[in-house]
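Below is one structure, written out as C-alpha cells; the observations come after it.
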Amino acid sequence: MKKNYYFLLAACLSLMLSHIAYGQETTVSGKVTEAKSGEPIAGVNVIVKGTTNGTITDGNGEYSLKVNDGTFLVFSFIGYKNKEVAVTGTRLDVTLEEDVTSLEEVVISGLASNIKRSNLANSVASISAKEIIGTTTPQTVDGALYGKFKGANIVANSGAPGGGIAVKLRGITSITGSSQPLFIVDGVYVDNSSIAAGLNVVSAAAAGGSASNQDNPSNRIADISPEDIETIEILKGASAASIYGSRSSAGVVVITTKKGTPGKTKIRLEQSVGQTSILNPLGTRTFTEQRIRNTYFAPGDNETPQETAEREAAAAAEVLRFQNARDAGLIHDYEDELYGHKGLLLNTVLSASGGNEDTRYYGSFLRKDEEGIVENTGYEKTSMRLNFSHDIVENVNVALTSNYILSTADRGFFNNDNSGTTMGISYISTRPYTQLFPDENGNYPNNPDAPSNFLQTRDLITNREEVQRFIGSAKLEATLFQNDNMQLKFIGLAGLDSYTLKTTALFPRELQFQQGNNGTGGASIQGRTVLENRNLQAFLVHSYFPSNKLSFVTQLGVLKLDFNRNTTLITATQLIGTQSNLDQASAISAEQTIQPEEDAGFFIQEEVNFADQIIATVGVRADKSSNNGDVNKLFYYPKANLALNLHEFGFWGIDAVNTLKLRVAYGQAGRFATFGSKYTGFGSVIIDGQAGSLIGTQLGNQEVEPEKQSEIETGFDIGVINNRVMFDFTYYKKNVTDLLLSALVPTSSGYTSQIINGAELENQGIEMGLNVLAIDKPDLKYNSSLNFWFNRSEITELRVPAFNTGAFGATLGTLRIEEGKSATQLVGIDPNNPDGVTKWGDAEPDFQMSWNNFITWKNFEFSFLWHWKQGVENVNLSTLLTDLNGTSADFDDGDLDPTGQLQNGPYRLSQLGVSAETFVEDASYIRLREVGLYYNLDEDLLLNVFNGVFNGVRVGFSGYNLLNFFDYNSYDPEVSNFGGDGLSTGVEVTPFPSAKRYFFHLALEF
C-alpha cells in the first residue's frame, strides 16, 4: 500500500516539471459591487483565467492583483453569476448579478475539490441557508430537508420534541443495517445513531413482536443547529458518494457551516416565538347506554343462564357509571387532555461575523426551548459555535471550526407495548366517562379500563435524553508550489465528534402499573453512551492549466477514521420507597456494549476540463476496516463521469436554448460489515453461584465483507430564456450486492445463526426538476421549482428462505423480504390465498412531488412549499387497538363494510385473523410543509426611526405543516414504530402524534 502512495505522489509532483514563460506584469485593482444595490461585496474570488493566481476582495469590496498583459479576470462569489472581464488597464471595477439559476454555484466534486454546477456530471442536490431557515424555524436539520430536493424518502419516526427522522436516498440500501446517509459537517464524520433508553423492561414491547428498538429515541443529527448552516449538499447516488467509500452506500449529506467574511463585525440577533399544536386530532367516540352494551357486553355463544345474569349485571353497573358521569358533567375529552397542550416555542440566535483579509471569524450562540403537545415533554438546546480562519503567511491558511452543544429532550412514554402501560395504549383503552384526574391531595385513581392511568404516567414518569457534544475540525491548507499555470496544494484535516448521552427513565412505585404482581415495583433505568469519532485526512491537489481552455486537477489523499462507542445500561427494579438511585433497589441488572471500529483508506482522482465543453472525472477510493473478516483487505470503489455542455461548442446555433448538458456517471460505494459479525461472542452466566462465560448462539463469520453497490446514472439539463427556465432529468439504476443477513445454521454445529453476505437488491428511479424564474423585475421576483421523483426496488437474489421482518406478523401486515419482489412490500394473510400471503401495499411511495416558491415584492418576502407523497401504505395498528377497546372515533360510522351491514369498528374487527388488507392503509398525503411572510424595513426607516442603530430589521410570520390532506385513519401518515434504521418505515402503534408549528419572527442586524 505504501508503494501506491509513493507512486501517486511521484506522478502528481512530476506534473510540475513543465516550463512556464512569464509576460510583462502589471498591478490591477478595483472594487466589486452588487448590481442591484450597489453595495460592496466582501470575499469575492478574483482569479486570473486559466491559472491559480488570485485574491479575494476585502470588507469594502476592494482588491489588488498582479497580472500579465492581456489576461482575463474571473470574479466569483456564492449566490452570484461568475463574471469574466479582460484587463485593459490598472483599474477594473465590476458589478455582480444574483445567480437565481444556481448554475454558477460551487458543489463538491472530490474530497478536496469543487466544481461549478454547470459542469457537474452527477445529480447533486444543494440547499442554501435561505432554503433551510429562510421560511420557518425547523426543529432539526433533517426535518428541514422535507421536499427540498429530489430522490429522498423522509419520514418522521415520532412527533416527540427533539426529533426522530429517517432519511433514505434513492431507496433502501440495507436490510439489516441502517439505510440513513452519512453526515459530514465541515469535514467531520458525525454520528447519527438512535440509542434506546431501555424502556422495554416496563413496556415489554419486544415480547410479542419484533425485538427491534421501539423506545422512540431521537437521532443525533438533531444536535446540529440549522441556523449555523451555510449549505447542505446531498450526494444521493454512488457515482457521487463513492469518494466516501465504505460508509457511503446510503448516500452522503455534506454540511458546511457559516464562515466569516472580510469587513467590519456584523452582529445579528434573531428571535422566534411560536406555538405548537396537534396536527390532526381524531376526536373521540360518543357513547350511549346502548353502545356500551353492544360494545362491551354483547352475548356470548352458548351462554349459560348464570353467565347471562353476570353479564347483564356487569352491563348495568357500567351503564350506571356512564350515567353518573354524564349527569355530573364528567364526560372528558381525553384526547385533548393528553395531546391538546399548546406548547410554547422559543428560539434565540445571536451571531457575529467579520474579519480582514488575513483573519475571518464567525461565532454564534443558540438557545432553543420548545414544549411538546403533551405536557411535561419538551426539548431544550444550547449551542455555541466559533469558526475561525487565518492566513498565517502568504499561501498558508489554517481554519478551525468548533461547536459545543448541550441538549435535553423529555419524550414521554409512547409507541408499542405489551403491558398496557404506555400513554398511547392506556389512552385508547380508556372510556371518556372514566375518572382519572387526581384528588385535592394529588392522589390519582386507578384506571379501571387499563393497567395504567395515563394522566398519572404523564405527570410522574421521566424519559429524558441529555447530550453534551463537541464537534470540531482543524484544517491546514498550504500552497506548496505555484506559477501562472500550475499549483500544488496540501490540505490536512483533523476532525473530532465526541458526545456523552445520558438517558434517564424513572417509573415511580406509586404508578398504577407498578403496583401488584404484574409491575416492577418501580423502575430506575439509566444509560450512558460515550462516543468518540476521530478522523485524519491529508490531500495533495495539483492543478495544471496548459492553456486557457484545458485544465487538469489531480488529487490524492489518505484517511484514518477511528470510531468508538461505549454504552452502559443499568436497570434497577423493586425500588425502595421513593428512592430513584440505582443502588436503592432489590433487583439490579447491567448491560454494556462496546463498539470500536478502525478504518483506513486512500483515494485518487483526476478531473479534466476542456473549455467547459467536456468535463470528465475518474477516481478510486480504497478502504479497509476492523469490521471486515479480513482487516487488511482493501475494497475498491471506482468512479467515472462525463459531462458534455453542448451549448459551449462552436456548432451550437440554437439561441433559444442557453444550456444543454448531457451527463453520465458511474460509481461504487459500500457499507462496512456490522460490528461483531465476524466474532463468536460470549455471554455471562452463573452456575451454582459461580460466574462464567457461555458461548453465544451466533457463529462468527471470518469471511464477512462489506455490502457493496454499483450505480449508473444518466441525464440531461436544459435551460431556455437566458436560463430562466431550467429542466433536469436523471435516471439511475443501483445494484446492491453482498447484503448482510442473519442465516440459520445446522443446530448440530452448536449454533443457531450466522451473519452472511446473502442477498442482492436493485433500485432504479427517475428524478425530474423544473425551475422557473417567472418574474425578474427590480421590485418583483418570483422563482418557482417543481420536483418529481420515484424509486422502485426489487430483491434480485436471496440466498436464505423468504422471511418477514419489521412488523408483527402476516396476520396484521408485515414487510417481507422475498426474491423477485419489492424490498419494501407489505404483505399479509388473504382468505383467497390460504397457501401464502398477498401483497397489500408498499412502504415506498409510487411517486413524490414538491413545489417550492419564493416571491419578493419590494421589501416583502413570501415563500411556501407543498409536498405530495402518493401511493404509499402503512400498517396501521393504532386503529386496530382503538377498535379492540371500542374507542375509535369512527367506530359507529358505516362507510367501510361493502355489504353495508356492519359499522366501521365491528367491520374492521371482523377482518382480524381473516385478511390483513384492512390494516394496511393508504398513507398518501398532500401537505403545506412550510409557509412564511416577512418584511424588511427599508433604509430610510432604519435611519430616521432607529437613527442608524440597525443595519437591518426583519419581521415575519411562518408556519410548518399547517395544511394537511389525507385519508389515513390516524394522526399522521408519517410513522415508524421501529425508529430510523433498515426497513423501519410504515408501521405504527400509538406513536407520539405529529404537530403543527406557528412562529412570529424578529431579526435585528447591527
Side-chain angles (χ1 to χ4, degrees), residues 173-180 182 189 191 193-196 198 200 206 210-213 245-247 249-250 527-534 560-570 589-601 622-635 670-687 690-708 736-759 799-800 803 805 981-982:
T173 53
S174 183
I175 294 175
T176 59
S178 174
S179 285
Q180 296 229 58
L182 169 67
Y189 290 63
D191 181 71
S193 299
S194 297
I195 300 173
N200 192 71
S210 172
S212 301
N213 172 19
S246 291
R247 294 191 178 202
S249 66
R528 180 183 176 88
T529 296
V530 178
L531 175 133
E532 279 199 4
N533 200 353
R534 301 183 298 273
K560 181 70 167 62
L561 309 175
D562 292 327
F563 174 92
N564 193 298
R565 188 170 71 200
N566 187 339
T567 299
T568 56
L569 186 66
I570 302 176
S589 64
E591 302 176 27
Q592 183 174 18
T593 303
I594 303 175
Q595 294 178 284
E597 181 180 335
E598 295 184 7
D599 308 331
D623 284 338
K624 63 180 182 178
S625 173
S626 60
N627 278 10
N628 295 332
D630 185 347
V631 298
N632 292 312
K633 182 177 179 180
L634 285 169
F635 291 88
R671 175 182 172 271
F672 285 129
T674 307
F675 176 78
S677 299
K678 64 181 181 180
Y679 297 117
T680 301
F682 288 84
S684 62
V685 67
I686 297 178
I687 301 176
Q690 300 295 318
S693 296
L694 189 66
I695 297 176
T697 59
Q698 178 177 295
L699 177 63
N701 182 1
Q702 291 294 316
E703 304 297 325
V704 70
E705 294 186 349
E707 298 177 335
K708 295 183 284 291
V736 188
T737 61
D738 294 328
L739 287 164
L740 296 166
L741 301 173
S742 179
L744 298 176
V745 298
T747 54
S748 58
S749 66
Y751 302 93
T752 60
S753 64
Q754 182 182 48
I755 302 298
I756 67 168
N757 298 102
R799 295 190 285 276
V800 299
F803 60 93
T805 184
D981 289 342

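Starting from 1, each residue takes its place in the sequence as its number.
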Give the minimum heavy-atom separation between [X] and [Y], together with the two atoms involved.
| X | Y | value |
| --- | --- | --- |
| Ile594 | Asn564 | CG2-OD1, 4.4 Å |
| Phe672 | Lys624 | CZ-O, 4.0 Å |
| Thr173 | Ser249 | CG2-O, 3.3 Å |
| Ala250 | Gln180 | CB-O, 3.2 Å |
| Ala673 | Leu740 | CA-CD1, 3.7 Å |

Hey, does the side chain of [X] reach the backbone of [Y] with a donor-acceptor pair shorter than 3.5 angstrom?
| X | Y | result |
| --- | --- | --- |
| Ser626 | Glu598 | yes |
| Asp738 | Asn757 | no |
| Asp191 | Ser193 | yes |
| Thr529 | Thr567 | no |
| Lys708 | Val736 | no |
| Thr680 | Gly700 | yes |
| Ser625 | Asn627 | yes |
| Gln698 | Tyr751 | no |
| Gln702 | Lys678 | yes |
| Asn628 | Val704 | no |

Next on the checklist: Taking atom CZ as the centre, does Phe675 end up with more than 12 heavy-atom neighbours from other residues, nucleotides or ligands that are less than 6.0 angstrom away?
Outcome noted: yes

Next on the checklist: Can you tell me if Gln592 has over 12 outside heavy atoms packed within less than 6.0 Å of its CD?
Outcome noted: yes

Nearest-0.5 Å distance that lies between atom [atom1] in [X] and atom [atom2] in [Y]:
| X | Y | atom1 | atom2 | answer |
| --- | --- | --- | --- | --- |
| Leu744 | Ser749 | CG | OG | 10.5 Å |
| Ser246 | Asp623 | OG | CG | 4.0 Å |
| Leu531 | Arg565 | CG | CZ | 7.0 Å |
| Ser589 | Ile570 | OG | CD1 | 9.0 Å |
| Leu694 | Ile687 | CG | CD1 | 6.5 Å |
| Asn533 | Leu561 | CG | CG | 7.5 Å |

Report yes if the side chains of [X] and [Y] come closer than 4.5 Å at any heavy-atom pair, otherwise no.
| X | Y | answer |
| --- | --- | --- |
| Asn701 | Ser677 | no |
| Asp599 | Phe563 | no |
| Leu741 | Phe803 | yes |
| Ile755 | Thr176 | no |
| Leu182 | Tyr189 | yes |

Checklist entry - Side chains of Glu707 and Ser174: do they bring a donor and an acceptor to under 3.5 Å? => result yes

Next on the checklist: If the threshold is 4.0 Å, N to carboxylate O, is there a salt bridge linking Arg247 and Glu597?
Outcome noted: yes

